[in-house]
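In what follows, every chain begins at residue 1, and chains take the letters A, B, ... in the order their sequences are listed.
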2 protein chains.
Amino acid sequence: MSRRLHEASEASRQAFAAIASDHGLTAVQARFVLRLLEPTAMKDLAEHLACDKSNVTGIATRLAERGLVTTRRGPDRRVKLLELTTTGRRLRARLSEHVADSSPAMTRLTKTERATLVRLLDKLHDTGVGDDASADL
Amino acid sequence: MSRRLHEASEASRQAFAAIASDHGLTAVQARFVLRLLEPTAMKDLAEHLACDKSNVTGIATRLAERGLVTTRRGPDRRVKLLELTTTGRRLRARLSEHVADSSPAMTRLTKTERATLVRLLDKLHDTGVGDDASADL
DNA sequence: TATTGTTATACTCTATAACTATA
DNA sequence: TATAGTTATAGAGTATAACAATA
């Protein structure tokens, strides 16, 4: 049972990485881009990715080198806000569409099955709180 | 929808990594150990992990350095078979138990819900073939 | 003192390409 | 020629610890 879950999770992860790669991104970079609907503090990105804050600097640098994000200081001058450039927003739109379209959940399950799956997954992992329908990640 | 799936997948991946870490392993190393129910060719491990064969050498080396696996030549002398040592088998048993016990699928879902989830996941990712109930991965 | 982000360091995973040895 | 595995190389993600700037 846990094996099935883990295999499904792995397959999903690999599918996502493949899509990210089609857009010239790594999986982590793609998660970053999808997350940046609005200017976001690096600390919050670290939290969302469940990684140490020291990693965020490097990931942001690589995205900035490719012209996908820029930074500016927040009101609290310790905070750096990351936001997508125009190029970044365009990439985000394409990526978001691609992820949704190629999801096996959309192509292989009926509407009822999708609803059931969402309910079970929500029950599985305490995510059952906020539901920002406009965000892909 | 695809967002929910990906979030669930990420949560599952992180949970697995945390358990592996509790046993002193990375996620990939844990998948290796769980896979090694019987002597397995490095090529097959590469296939199972969906990575290039060149990676398997390093992973196997690190596991061997810790006394968890050994190698021997197969009948086809090009092939190297990896197998768990006694220490490795003991670790595998503990790890396997830990993964199963702490799976949210076991602790949060009813038996019926688990059956439904397995059915949907199988439909999602063409895994619906062989079902080696004794393997955790 | 606590928080945000950076830097230095080291390790692991990853792919590609060139290589050895076997078949 | 083709296959199994290794090695060299390079890039990305990861954590830890020490650090600067700000609160």
Side-chain angles (χ1 to χ4, degrees), chain A residues 10 13-36 39-66 68-83 137, chain B residues 10 13-36 39-66 68-83 137:
Chain A
E10 271 300 306
R13 186 180 67 78
Q14 285 168 19
F16 185 78
I19 292 174
S21 176
D22 287 345
H23 292 267
L25 300 174
T26 65
V28 168
Q29 289 168 352
R31 293 187 70 200
F32 245 72
V33 167
L34 288 174
R35 184 68 174 186
L36 286 177
T40 307
M42 308 190 65
K43 185 199 102 180
D44 294 334
L45 289 168
E47 214 162 289
H48 173 245
L49 264 68
C51 72
D52 190 86
K53 57 189 160 72
S54 63
N55 301 315
V56 177
T57 304
I59 297 166
T61 300
R62 288 186 279 278
L63 288 176
E65 278 167 355
R66 299 180 43 185
L68 298 173
V69 305
T70 53
T71 59
R72 61 183 163 79
R73 289 287 173 181
D76 179 339
R77 289 181 46 71
R78 289 173 300 182
V79 174
K80 248 188 186 171
L81 297 170
L82 238 72
E83 63 187 324
L137 275 187
Chain B
E10 270 302 305
R13 185 182 66 79
Q14 284 168 19
F16 184 79
I19 292 173
S21 175
D22 287 345
H23 292 266
L25 300 175
T26 65
V28 168
Q29 288 168 353
R31 294 186 68 201
F32 245 74
V33 168
L34 288 173
R35 184 69 174 187
L36 287 177
T40 307
M42 308 190 66
K43 185 199 101 177
D44 293 334
L45 290 168
E47 214 163 291
H48 173 245
L49 263 69
C51 73
D52 190 86
K53 58 188 160 72
S54 64
N55 300 316
V56 177
T57 304
I59 298 167
T61 299
R62 288 184 279 278
L63 288 175
E65 278 167 357
R66 299 180 42 186
L68 298 172
V69 304
T70 53
T71 60
R72 61 183 162 80
R73 289 288 173 179
D76 178 339
R77 289 182 44 72
R78 289 173 301 182
V79 174
K80 248 186 184 172
L81 296 170
L82 237 72
E83 63 187 323
L137 276 187

Asks: Round to the nearest Å and state the distance from B:Arg72 atom CZ to D:dG5 atom P.
Replies: 13 Å

Asks: Please determine, for the side chain of A:Arg78, which listed nucleotide (D:dT6, C:dA2, C:dT22) has the closest atom?
Replies: C:dA2

Asks: Which whole-number value in Å describes the distance from B:Asn55 CG to C:dA17 C1'?
Replies: 13 Å

Asks: So, for A:Val56 and A:Cys51, which heavy atoms are closest and what is the spacing to 0.1 Å?
Replies: CG2-SG, 4.5 Å

Asks: Please name all residues satisfying side-chain hydrogen bond (donor to acceptor under 3.5 Å, both in side chains) with A:Asp76, sequence neighbours left out, ordered by chain then number.
Replies: A:Arg78

Asks: For A:Arg13 and A:Arg73, find the nucleotide of DNA chain C closest to each by heavy atoms; which residue's nucleotide sits nearer the 5' end?
Replies: A:Arg73

Asks: Tell me the interatomic distance from A:Asp52, atom CG, to C:dT6, atom P, rounded to whole angstroms.
Replies: 12 Å

Asks: How close do A:Leu81 and A:Gly74 get, counting heavy atoms only, and between which atoms?
Replies: CD1-CA, 3.9 Å

Asks: Let's see if you can work this out: which of C:dT14, C:dT12, D:dT22 has an atom nearest to the side-chain heavy atoms of A:Arg77?
Replies: D:dT22

Asks: Once you apply a heavy-atom cut-off of 4.0 Å, does B:Lys53 come out as touching a base, just sugar-phosphate, or nothing?
Replies: base

Asks: Using heavy atoms to find the nearest nucleotide of DNA chain D for B:Val79 and A:Arg62 separately, return the residue whose nucleotide is more 5′.
Replies: B:Val79

Asks: Please check: side-chain N/O of B:Arg66 versus main-chain N/O of B:Gly24, any donor-acceptor pairing under 3.5 Å?
Replies: yes

Asks: For the pair made of CG in B:Leu45 and C1' in D:dG5, what is the distance, rounded to whole Å?
Replies: 12 Å

Asks: Round to the nearest Å and state the distance from B:Met42 atom CE to D:dT3 atom P.
Replies: 18 Å

Asks: Please state how far atom CD in A:Glu47 lies from atom C1' in D:dT14, giving the value in whole angstrom units.
Replies: 17 Å

Asks: For a quick check, tell me whether the side chain of B:Ser54 and the base of C:dT14 share a donor-acceptor pair closer than 3.5 Å.
Replies: no

Asks: Rounding to an integer number of Å, can you tell me how far A:Asp44 CG sits from C:dG5 C1'?
Replies: 13 Å

Asks: Between A:Lys43 and C:dT4, does any side-chain N or O lie under 4.0 Å from OP1 or OP2?
Replies: yes

Asks: Give the residues of residues 17-28 of chain B touching DNA chain D, defined as any heavy atom closer than 4.0 Å, sorted by residue number.
Replies: none

Asks: With side chains defined as the heavy atoms from C-beta onward, is the minimum distance between B:Thr26 and B:Ile59 less than 4.5 Å?
Replies: no

Asks: Atom CZ of B:Arg66 to atom P of C:dT12: distance rounded to whole Å?
Replies: 9 Å

Asks: Does A:Thr61 use its side chain to pair, donor to acceptor, with the backbone of A:Thr57 at less than 3.5 Å?
Replies: yes

Asks: Nearest to the side chain of B:Ile59 - D:dG13, C:dT14, D:dG5?
Replies: C:dT14

Asks: Quick check: does any side chain N or O of A:Arg35 sit under 3.5 Å from a backbone N or O of A:Thr40, one acting as donor and the other as acceptor?
Replies: no

